[in-house]
Amino acid sequence: MDAERVLVTGAAGRVAGQLLPGLEGRPLRLFDRTAAEHPGAETVTGELTDPAALERALDGVGAVVHLAGNPDPSASWAELRGPNVEGFAALLAAAERTGVRRVVFASSVHAMGAHEADGRVPVDAAWPPRPCCPYGATKAFDEAVASVATRRGALSTVGLRLGATVPEPAQRSQLASWLGPADLRQVVVRALEADARDVRLGAYPAVSANTRQHWDLTAARAELGYAPVLDSEEFAARVADDGTDTGVCPA
Ligand SMILES: NC(=O)c1ccc[n+]([C@@H]2O[C@H](COP(=O)([O-])OP(=O)(O)OC[C@H]3O[C@@H](n4cnc5c(N)ncnc54)[C@H](O)[C@@H]3O)[C@@H](O)[C@H]2O)c1
């Protein structure tokens, strides 16, 4: 049987660049507003809010890894609303129409950032979302709108609250929330493959097995089968000291 085709949105971005080597062996289609490339992958260039472009991107697709969006935690509502709110709602509606089985989407630890900023760590994934900035609020909205879509139909969604998704942490404040490339690839594959009956929370922290952990991975381990292998402590002696261990939204 052929593996199902996976659409990766935001495929020209930084997270996708670290992820795509981990999706080898699956038929891939890439979507972005700027040209994206990966060996063997089909590409569709367009805007999330363009229904015709989304239809082309989703035609024949079984699962989506949704990364397109504005990743700037200091962005304003005006800058976030199109890509992070309207764009995601449009993608979900199109995925429901075209019969997609699973949408894995990039949420962010910022959706829970006020828990961390207030010192309630490690943050339990089952606590109510408590964003610390407009960016985090758009991610909390995305989690809510995904749960609505999941509830009313056949579509299954998994939100991944990505931490600092960089090849190596550069500052002390990233050590508690770092997500290294091998763990990024693993958690996305686990989220694509998890049985819908096991996905009880719908949104999970996605960080490495950091010694200075601020995010409780119990549910991600149990429900997705995520077993991170990296630890930011390996870099702790050489990161810049930016004066805080609270990486998401410093108080
Ligand atoms: N980088 C991180 O550390 C981090 C942490 C937490 C969450 N995230 C989330 O992960 C996702 C990817 O982040 P990134 O760092 O790769 O960002 P990025 O800016 O490098 O990539 C995002 C991509 O999405 C595309 N895009 C944006 N809006 C679009 C639209 N309306 N239509 C089509 N394409 C559009 C951009 O062209 C870009 O290539 C984002 O949703 C971000 O919020 C990232």
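Along the sequence shown, the residues carry numbers beginning at 1. Counting convention: from 1, in listed order, for ligands and their atoms alike.
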Do me a favour and list the nearest non-hydrogen protein atom to [atom] with residue, atom name and distance?
atom: atom 36 (C) of ligand 1; value: Asp32 OD1, 3.4 Å
atom: atom 5 (C) of ligand 1; value: Gly163 O, 3.1 Å
atom: atom 22 (C) of ligand 1; value: Gly69 O, 3.7 Å
atom: atom 3 (O) of ligand 1; value: Thr165 N, 2.9 Å
atom: atom 16 (O) of ligand 1; value: Val15 N, 2.8 Å
atom: atom 32 (N) of ligand 1; value: Leu48 N, 3.1 Å
atom: atom 21 (O) of ligand 1; value: Gly13 CA, 3.3 Å
atom: atom 15 (O) of ligand 1; value: Arg14 NH2, 3.3 Å

Out of all atoms in ligand 1, which are within 4.0 Å of some heavy atom of [X]? Include the element for each.
X: Glu47; answer: 30 (C), 31 (N), 32 (N)
X: Tyr135; answer: 6 (C), 7 (C), 8 (N), 9 (C), 42 (C), 43 (O)
X: Ala106; answer: 9 (C), 10 (O), 11 (C), 41 (O)
X: Gly10; answer: 23 (C), 24 (O)
X: Pro83; answer: 28 (N)
X: Ser108; answer: 6 (C), 7 (C)

Any atom of ligand 1 sitting under 4.0 Å from a heavy atom of [X]?
X: Gly46; result: yes
X: Ala11; result: no
X: Lys139; result: yes
X: Ser107; result: yes

Next item on the list: For residues Arg5 and Glu42, determine if any side-chain heavy atom of one lies less than 4.5 Å from a side-chain heavy atom of the other.
Entry: yes
Item checked: Side chains of Pro167 and Gln18 in contact at under 4.5 Å (non-hydrogen atoms) -> yes
Checklist line | Where Asp216 and Pro205 come nearest, the two heavy atoms and their spacing | finding: O-CG, 3.4 Å
Margin query: Show the nearest heavy-atom pair for residues Leu54 and Ala94, with the distance to one decimal.
Written below: CD1-CB, 4.1 Å
Note to self: Quick check on side-chain contact (heavy atoms from CB on, under 4.5 Å): which of Val207, Asp183, Leu160, Val188 does Tyr226 satisfy it with?
What the structure shows: Asp183
Next item on the list: Please say which of Leu162, Val85, Val109, Asn84 ends up in a side-chain contact (heavy atoms from CB on, under 4.5 Å) with Lys139.
Entry: Asn84
Notebook entry, point to check: Under the 3.5 angstrom rule, does the side chain of Arg81 hit a backbone N or O of Glu86 as a donor-acceptor pair?
Noted result: no
Next item on the list: Measure from the side-chain N and O atoms of Asp32 to the backbone N and O of Ala68, and report whether any donor-acceptor pair falls under 3.5 Å.
Entry: no
Item checked: Option nearest atom 26 (N) of ligand 1 (shortest heavy-atom distance, choices Ala68, Ala53, Ala16) -> Ala68
Note to self: My understanding is that we take every heavy atom of each candidate and find the minimum distance to atom 17 (O) of ligand 1. Doing that for Pro71, Ala164, Ala35, which one comes out nearest?
What the structure shows: Pro71
Notebook entry, point to check: Would one find an N or O of Leu67, backbone or side chain, under 3.5 Å from an N or O of ligand 1?
Noted result: yes
Notebook entry, point to check: In a check of side-chain hydrogen bond (donor to acceptor under 3.5 Å, both in side chains) between Tyr204 and each of Arg221, Arg161, Arg190, Glu223, which one passes?
Noted result: Glu223
Next item on the list: Using the six-membered ring wherever Trp is involved, compare the ring planes of Tyr135 and His110 and label them parallel, tilted or perpendicular (cut-offs 30° and 60°).
Entry: perpendicular
Margin query: Tell me whether the rings of Trp127 and His115 are parallel (<30°), tilted (30 to 60°) or perpendicular (>60°).
Written below: tilted
Note to self: Exactly one of Arg151, Arg152, Arg101 should register a salt bridge (Lys or Arg N to Asp or Glu O under 4.0 Å) with Glu96. Which one does?
What the structure shows: Arg152
Checklist line | Interatomic distance, Phe31 atom CZ to Leu48 atom CG [nearest 0.5 angstrom] | finding: 5.0 Å
